[in-house]
Amino acid sequence: MTAPTDPSHPSDMTDPTDHREPSMRERMLAGDLYVADDPQLIRDHERALRLTHATNTADPTDRERRRELLSELFGGFGEDSVIRPPLHVDYGHHTTIGARTFANFGLVILDVATVTIGDDVQIGPYVQLLAATHPLEPGPRRGKWESAAPIVIGDNVWLGGGVIVCPGVIIGRDTVVAAGSVVTRDLPAGVLAAGTPARVVREL
């Protein structure tokens with residue numbers, strides 16, 4: 001998991017020739033601590049709320065309309081992919097989903113950082129992909145500072161029901177994560193992992 005940086009220091013990813021103070025949105029995208037009061041962040045989040053509401057209330061048998069909404073919501077939504085409602089996201093456009101991926105009921109994606117989901121991924125009901133995090137120190141947390149780290153789910157991964165994936169985690173292709181597991185660290189390709197925190201049980 002990536003540790004938050006000091007809010008008084010800009011990220012190394014910022015342009016060294018740009019001497020203005022970065023916006024909260026720029027800080028968020030750079031992985032720095034930020035406060036989610038940026039007007040653009042509010043607009044982006046409200047856009048996601050509208051699109052997820054439309055998705056969750058659309059006729060579940062109207063596949064064409066649901067695909068249209070999901071393609072607008074996400075940064076990329078692959079061919080023949082399916083997400084069953086209800087779905088909840090922070091921004092949507094920070095998430096890309098590959099082809100032939102299936103997500104069952106109740107998927108939560110806190111895509112404050114990028115969330116990348118590969119091809120042929122199977123996601124069980126009530127899985128949570130949580131790119132967002134908060135400071136451990138009480139002062140910054142009380143001040144509403146937060147940060148994030150990207151999540152990557154490789155091709156042909158199966159996440160069992162209720163799996164939680166924490167910020168900054170990469171799960172290698174062909175890996176299976178048992179139901180109810182909490183993934184706090186990267187998992188290699190081609191393994192079965194289980195537990196809280198998730199640990200490799202055996203190779204597949």
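Only this structure's heavy atoms are used, side chains among them; waters, hydrogens and symmetry mates stay out.
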task = Report the C-alpha distance between R27 and E21 in whole Å, list the side-chain angles of each, state the deciding distance to 0.1 Å, and finish with yes or no for side-chain contact (heavy atoms from CB on, under 4.5 Å).
result = CA-CA 10 Å; R27 295 182 69 97; E21 188 70 22; 3.9 Å; yes

message = Using the rule given for side-chain contact (heavy atoms from CB on, under 4.5 Å), can you reason through L29 versus H94, listing the C-alpha separation, both sets of side-chain angles and the distance that settles it, and then say yes or no?
response = CA-CA 10 Å; L29 295 175; H94 296 157; 3.7 Å; yes

Worked check of salt bridge (charged side-chain N to carboxylate O under 4.0 Å, His left out) between E68 and R65 = CA-CA 5 Å; E68 178 183 303; R65 175 58 176 158; 2.4 Å; yes

Over all atoms of both residues, closest heavy-atom pair of [X] and [Y]:
| X | Y | answer |
| --- | --- | --- |
| P167 | A132 | CG-O, 3.3 Å |
| D38 | S23 | OD2-CB, 3.6 Å |
| A148 | T133 | N-CG2, 4.2 Å |
| H88 | N56 | CE1-ND2, 4.4 Å |
| R67 | G78 | NH2-O, 2.7 Å |
| V82 | F77 | N-CZ, 4.2 Å |

Could you tell me whether the side chain of [X] and the main chain of [Y] form a donor-acceptor pair under 3.5 Å?
| X | Y | result |
| --- | --- | --- |
| S81 | G98 | yes |
| N104 | Y126 | no |
| H134 | E146 | no |
| T184 | C166 | no |
| R141 | L136 | yes |
| S181 | G195 | yes |
| D155 | D119 | yes |
| D111 | Y91 | yes |

message = With side-chain contact (heavy atoms from CB on, under 4.5 Å) as the criterion, how do I97 and I83 come out once you've worked through the C-alpha distance, each side chain's angles and the decisive distance to 0.1 Å?
response = CA-CA 10 Å; I97 298 174; I83 297 179; 3.7 Å; yes

With clusters defined by side-chain heavy atoms of hydrophobic residues (ILVMFWY) lying less than 4.5 Å apart, directly or transitively, does [Y] cluster with [X]?
| X | Y | answer |
| --- | --- | --- |
| V112 | I164 | no |
| V163 | L130 | no |
| L187 | V152 | no |
| L107 | V183 | yes |
| I123 | W158 | no |

[X] side, atom [atom1]; [Y] side, atom [atom2] - distance, nearest 0.5 Å:
| X | Y | atom1 | atom2 | value |
| --- | --- | --- | --- | --- |
| R66 | D62 | CZ | CG | 9.0 Å |
| T101 | D120 | OG1 | CG | 6.0 Å |
| R50 | T55 | CZ | OG1 | 12.5 Å |
| H45 | Q40 | NE2 | CD | 13.5 Å |
| D186 | I170 | CG | CD1 | 4.5 Å |
| I171 | R173 | CD1 | CZ | 14.0 Å |

ask   = If we ignore angles and hydrogens, is there a donor and acceptor under 3.5 Å between the side chains of D174 and N156?
value =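 There is such a pair between these side chains.
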
query = Ion pair present between D80 and R100, side-chain N to carboxylate O less than 4.0 angstrom?
reply = no

message = Strictly below 4.0 Å, N to O, side chains only: are R25 and D44 in salt-bridge contact?
response = yes

inquiry  = Within the 4.5 Å heavy-atom criterion, are R43 and L41 side-chain neighbours or not?
reply    = no

message = Just so I know, are the side chains of L73 and L87 near enough to count as touching, which here means a heavy-atom distance under 4.5 Å?
response = yes

query = Does the pair T95 and L129 meet the rule for a side-chain contact (heavy atoms from CB on, under 4.5 Å), with working shown?
reply = CA-CA 10 Å; T95 296; L129 307 178; over 6 Å; no

